[in-house]
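To start, the structure under review is shown below, and the notes come after it.
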Amino acid sequence: MRQTFIRSSWFKAGLRGSLSPSHRRIEHGFNRYQATSISLENALTEVPASRFLSDPKTVAIVGCPFGGGQPKPGVDKGPIRLVNAKLPEQLKGLGWKVEFNGHHPFEEIDAQSDPPIGLLKNPRYVSRACKAVSDVVGAHAKNGQLPLMLGGDHSLAMGSVSGTLKQYPDACVIWVDAHADIHTVDTTDTGNIHGMPLSFLLGLGPKVSEFSWVKPLLNPSRLVYIGLRSVDTSEKRILKENGIRAFSMHEVDKYGIGGVVDMALDHVNPKRDLPIHLSFDVDALDPWYAPSTGTPVAGGLSSREGHYICEAIYQTGCLVALDIVEINPSLGDVRSVEKTLAVGCSLTRAALGERLLFTDTNEKSASTLTLVGYIELQTSNHRRLTSFLNHPHLQRCLSPSLHPSTTYFLTMSFAHSLSVHDDLYDPWREDSFTHLLPKPSYDWLDQEEPSPFAKATASKTNRTTSLPFEPSDHIASLLRRVHPNLVHAINPWCGLRGSRDTDEYSSLEGEPWAETARGWDEGSLLEQGPADDFTTFGLDFTSVEHDEQTSVDTLGSASPEVNPPQAALAAPADHARDGSSCSCPRQQLSQVESTKQTPQSATPSSATSVAVNCSSVEALLAAPLDNAREGPSSSRPQSPPRVENAQLIPPRRTPRSPSQRTAEPSAQRSATRSVLVAPADRAPVGPSSSSPPSQGKKRKQTEEIVEVEKRETKKRRTQNEGVQGEEEPKRTTNQGNQIAEDEVDLGVHGIINRGGKKLECTYCDKFFANGAHAIVRHVQSNRHLEKLPHEIREELSKAAKLHCEHCNKEISGGRRDSLRRHYDSCTVLHPEKCGKRLRR
Ligand SMILES: NC(=[NH2+])NCCC[C@H](N)C(=O)O
C-alpha cells in the first residue's frame, strides 16, 4: 500500500523546490507562517533550561562563610553580604527556583589543633570545610539542581568541584582567575591552600593524608583557565608538564574574549555536550571592577569580559555548577565593597541566564520566538530519528548559531508508516478511525485536534496502534541537547489532510521531484541509507538584523523597573555600561589600541541582535552547509588557531542602511518581530534552480500565482470599498459562490462560515466540518497566511485560541490538556455541577 504523506498544502505552498532527488531522505524547508500555528503554543510552554538540570530549574545556594585557605580576615563574610544584597531574589527574578537554607556552618578548629602540614596552613580546617562542601554540592547535583557555591576563599572549590565530579564524572572545569591555584604541597611558597585546590583535584604532587578524601577525578584535559596573569614559576611548569590549556590576559587581549571563550570551550567541551563547572574567582576581574578581594592583580578582565564568559557558558546549556569566590567585604572602602558585591551578583546572574537585551529566558514573548527551520522526516524509525537529531551536522548547524536569549522552535513533522491506515486516517472524518484505529495512541498527533475523533474513538475499544515510539518527549530531550532553548513543535494536521490526496502525484508528473515523492511513498527511506546520509540536511543560516523597533522593545523590557530586586543592588546588566565611563587602565589602553587596529567584527555569539533564519527552500538547496559556514569568523582579526570542532556558523550580515530601514513599511517591520522574515536578497520561493521544472509546469504555476493574486487584490479592494461606506459588495467564496446573509463572513480570516456548519477556506477548496478552530488552523498551517498582512495574521493567531466547543469559554494557556480538564467542569456538559456551584 502506498504511503501517502506528501502534503498537498506544501506543494501548493511552494515547498516543491525542496524535494530535489538529492535531498530525498530528509525533507527540510522553512515555512515561517507555521510560526503562528500550534507551534507557538508548544514553544511558549516548553523552554528547556539546561541539558543536565531538572525541571523546574533550581539553583541551590551553598553559602560558605569560610576563609581558612588564606590569611586575610573578612572573606568569610562574602557569601553573607551577597545574600544580603538579595542575590537569591535576583536569581528568582531570572526564573530560577532558589533553594537556600542558610549558610553552611563551618566548625572552627583552633590553631593548636591544626598545625601546618609542611607549609600548608590550616590543613584540617580547610580539608573538613571542603569535604562538607563536596558532600553538599554533590547532593544538590544529584538532585538535578545547580549548586551555586558562594565563597569564601578559592580553596573551597576543592570541595565544590569534587562534588560536581562525583555526580558528573565527565564534567569539565572552567577556572576564571588571575592565579593558577595549582600549587602542590611541595611547590607552594605561601602555604595558603586557596592557591592549591587544583593540584588536589588533579592528583598532582605528594599526597597528604588529611586530603585523602579528595579523589583525583579531574583530568588535566578537562580543565581550562581564563584570565591568568599571576602565575608562579613552579605553577607554569605544572601547567606545561600536564598540558593544561590556559588563556591568560595575553590571549584575551590578542583574540578577544569571544575568541578565548570559544577556544576554551572547544578545548574542554568540543561538542558542547559535557557538563561545565564554572569556578569564578572575582580577582580575575581587574581590581577596578572587583577591588575588595584578597589577592588583586592589575591588568585583569574588564567587567564586560567577565560577564561575557558567564553569559557564553550559560548559553551552552551545559552549566551544572558555579563558584563565586574571594569577595572580601573587609577590604577597601564602602564604595569598593559595594562595587565588588555588585559585580559578584551580576556575574552570577549572567552565568544563570541574565541577558542584556531580554529580561530572562522564562519570559517568553512572540519577539523571543524564532522559527529556525522546518524539518520533515520521512521516517517512522526511532533509531533513525535519533541518529538524525544526534547527528553532529545538525548540532553544528544549530548549536553555535542560536542565541541563548531566544526561544527557537523547529517545526518537525513525521511521516509515520501509517500506510495501513492510509485511507482511514482522516481526523476530519469521525468514522475514519472507528474500525481500524479504535483507540489511537496518536496522542502526540491528537494533541492538536483531539476532541472530535479521539473522544469518539476512545470509547469504542482499547486496541492500540503500533507507533514505534512516542516522539514528543523523545524529540524534546534530543533537541535540548542541541540547544537548551530549542523547542520543537510537531505539526501533524496538514500532512494528515494531505494524506488522502493521492492525486497530487499525477500533478507532479514530469517534475524532477516526482520520483522522490514516489520513493517516499514506497517507503524507500526506511530501508536505505546509513544515518550519515542525513548530512544532506543543511540549514542556511542567515543573519537578519532585528529591526530597530525590536531592539528598542527588548531593551526596554530589560530596564531596571522590570526587576526591582536587581535594581536594589546593581541594575541588571549594569556591566554593560562599563565601557563608556571606564577608567580601568587595561581597557583604556586597549581602547586606544583598538583604534589603531582593524575594527573587530562582531562574533556570532555576541551579536544579540542577530537571529537565525532558515529562509527559502531554494536558498537551502543552493547553499550547502559548508558555504553557510563561510563568513565573519574568517574575517575576525587575528583569527585564533584552528579550534577543533568549533563549527561556528557566523550569521551573514545583511547590512541595511538606516534609510532603507525607515523605508520599510511598518507592517513589514513589525512582522519581523515575531517571525523573522527572510532577507530581501534571498531567492524567492519557487522551483529550485538546481531542479528546474518543465516550462509547462512553470507557466502553470505562474498562472496559478497570478490568479491567486488577482483574487486577493479584488478581495482587498472590495473590503476597502466597504469601509468607505459605499454599497456593500456581494460576498463570494473563492469558488464564486455567493455568501448568503445568514452565513457569517469571518472576513479578515479569509474564511466563510457557511450556515454555521461547514467552513470553506477562501484560499483553497477545502471544507471543514469541525468548527472555526480547525479552519483557522488550516489557514495558518498553509501558506495562505503569506497573503495576509501582518495585523491580520495577528488577529488570526488570536482567533486560534482554544475555546471550549460547548460553552465557548476561552481556555487559558490554550493547551489541549487544559481543555480536556475543562470538559470535566464545563457548565454545558455538566449542568448538574453548575447547579451545585450556584447553590453554594
Ligand atoms: N585564589 C587565589 N586568590 N589564589 C591566590 C594564590 C596566590 C599565590 N599563587 C599563592 O599560592 O599563594
Side-chain angles (χ1 to χ4, degrees), residues 64 66-79 116-123 125-126 129-130 133 149-161 173-202 204-206 208 211 218 223-240 244 246 248-249 277-287 289-301 306 309 322-332 340 343-344 347:
C64 299
F66 176 84
Q70 52 80 63
K72 296 186 184 169
V75 72
D76 53 325
K77 300 291 179 298
I117 300 178
L119 275 182
L120 303 199
K121 293 172 189 158
N122 311 323
Y125 185 32
V126 174
C130 290
V133 171
M149 192 274 278
L150 301 177
D153 73 62
H154 216 166
S155 64
L156 290 161
M158 194 191 312
S160 62
V161 174
V173 174
I174 300 181
W175 197 273
V176 184
D177 204 319
H179 312 90
D181 292 352
I182 200 166
H183 272 298
T184 61
V185 180
D186 52 3
T187 64
T188 177
D189 297 324
T190 63
N192 297 329
I193 301 175
H194 76 157
M196 311 173 65
L198 282 166
S199 69
F200 289 99
L201 292 163
L202 292 157
L204 306 175
V208 185
F211 289 89
L218 182 60
L223 167 66
V224 70
Y225 289 101
I226 300 177
L228 297 189
R229 57 192 181 278
S230 173
V231 183
D232 299 336
T233 315
S234 45
E235 289 182 304
K236 289 179 187 166
R237 188 178 39 77
I238 296 172
L239 295 183
K240 197 167 175 206
I244 295 168
S248 70
M249 290 310 298
H277 183 118
L278 172 60
S279 199
F280 203 118
D281 185 327
V282 296
D283 71 23
L285 296 182
D286 191 274
Y289 302 105
S292 297
T293 188
T295 48
V297 187
L301 297 170
I309 297 170
L322 172 65
D323 307 328
I324 298 286
V325 295
E326 297 282 355
I327 293 177
N328 187 334
S330 308
L331 300 174
T340 314
V343 88
L347 287 170

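Start at 1 and go down the list; that is how both ligands and their atoms are numbered.
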For [atom], find the nearest protein heavy atom and state the residue, atom name and distance (0.1 Å precision).
{"atom": "atom 3 (N) of ligand 1", "result": "T295 OG1, 2.8 Å"}
{"atom": "atom 7 (C) of ligand 1", "result": "H179 CD2, 3.8 Å"}
{"atom": "atom 4 (N) of ligand 1", "result": "D181 OD1, 2.8 Å"}
{"atom": "atom 11 (O) of ligand 1", "result": "H183 CD2, 3.3 Å"}

Location of contacts on [X] toward ligand 1, heavy atoms closer than 4.0 Å:
{"X": "D153", "answer": "neither"}
{"X": "M196", "answer": "neither"}
{"X": "V325", "answer": "neither"}

Checklist entry - Judging by distance only, is a nitrogen or oxygen of D232 under 3.5 angstrom from one on ligand 1? => result yes
Checklist entry - Is the closest N or O pair between T190 and ligand 1 shorter than 3.5 Å? => result yes
May I ask you to list the atoms of ligand 1 that are less than 4.0 angstrom from any heavy atom of [X]?
{"X": "D281", "answer": "1 (N), 2 (C), 3 (N)"}
{"X": "E326", "answer": "1 (N), 2 (C), 3 (N)"}
{"X": "G195", "answer": "6 (C), 11 (O)"}
{"X": "H154", "answer": "1 (N)"}

Item to check | Set of residues satisfying side-chain contact (heavy atoms from CB on, under 4.5 Å) with respect to K236, sequence neighbours excluded | outcome: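 If we apply the side-chain contact (heavy atoms from CB on, under 4.5 Å) test to K236, skipping adjacent residues, the hits are V231.
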Next on the checklist: Looking only at the side chains, is there a donor atom on one of T295 and D283 sitting less than 3.5 Å from an acceptor on the other?
Outcome noted: yes
Item to check | Test item: K72 and D153 side chains (from C-beta on) under 4.5 Å apart, heavy atoms | outcome: no
Next on the checklist: Can you classify the ring geometry of W175 versus H154 as parallel (below 30°), tilted (30 to 60°) or perpendicular (above 60°)?
Outcome noted: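 Correct class here is parallel.
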Next on the checklist: Determine whether a donor-acceptor pair (N or O, by modelled atom type, separation under 3.5 Å) exists between the side chain of D286 and the backbone of L301.
Outcome noted: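 No, because the side chain of D286 does not come within donor-acceptor range (under 3.5 Å) of the backbone of L301.
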Checklist entry - Only one of V126, D181, N192 forms a side-chain contact (heavy atoms from CB on, under 4.5 Å) with S155, so which one is it? => result V126
Next on the checklist: Minimum heavy-atom separation for N328 and P73, please, with both atom names.
Outcome noted: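 Answer, listing the atom of N328 first, then P73: ND2-O, 3.1 Å.
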Next on the checklist: Restricting to non-hydrogen atoms, name the atom on H179 and the atom on Y225 that form the minimum distance, rounded to 0.1 Å.
Outcome noted: O-CE2, 4.3 Å
Checklist entry - Of all residues at least two apart in sequence or in a different chain, which pass the side chain to side chain donor-acceptor pair (under 3.5 Å) check with H277? => result T164, D323
